[in-house]
Amino acid sequence: MQTDDVLNWVCQYCERRMKFGLISLIKGDQDFIEDCEVCCRPNRILVKHDKEDEEYILVESRITDE
């Protein structure tokens, strides 16, 4: 599967900068877990879109059940 966009994010545990390829075939918001390459702890990454379809990214260190 091809990735078109590169997501830059910071691990919420060790504060290291990471990169991750987003899958452009998935339209709309994305919500996934990515383990840090350095400390191996899970980070919840949310890719959201506002009313003007501008993309923004949230990274959470705690994974919660909704």
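All values derive from a computational prediction rather than experimental measurement.
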Undergrad: For the atom pair CG (Asn43) and CD (Gln12), what is the distance rounded to the nearest 0.5 Å?
TA: 6.0 Å
Undergrad: Does any non-hydrogen side-chain atom of His49 lie less than 4.5 Å from one of Asp29?
TA: yes
Undergrad: Please list, chain by chain and in numerical order, all residues satisfying side-chain contact (heavy atoms from CB on, under 4.5 Å) with Lys19, sequence neighbours excluded.
TA: Val6, Asn8
Undergrad: Are Asp35 and Arg41 ion-paired here, with the side-chain N under 4.0 Å from a carboxylate O?
TA: no
Undergrad: Compare every heavy atom of Ile45 with every heavy atom of Glu34, then report the nearest pair and how far apart it is.
TA: CB-CD1, 3.7 Å
Undergrad: Return the set of residues passing side-chain contact (heavy atoms from CB on, under 4.5 Å) with Glu15 (not counting sequence neighbours), or none when no residue passes.
TA: Val10
Undergrad: Look up atom SG in Cys36 and atom CE in Met18, then write down how far apart they are to the nearest 0.5 Å.
TA: 3.5 Å
Undergrad: Distance check, rounded to the nearest 0.5 Å: Tyr13 atom OH versus Cys40 atom SG?
TA: 12.5 Å
Undergrad: If you define the side chain from C-beta out and look only at heavy atoms, does anything of Arg44 sit under 4.5 Å from Asp31?
TA: yes
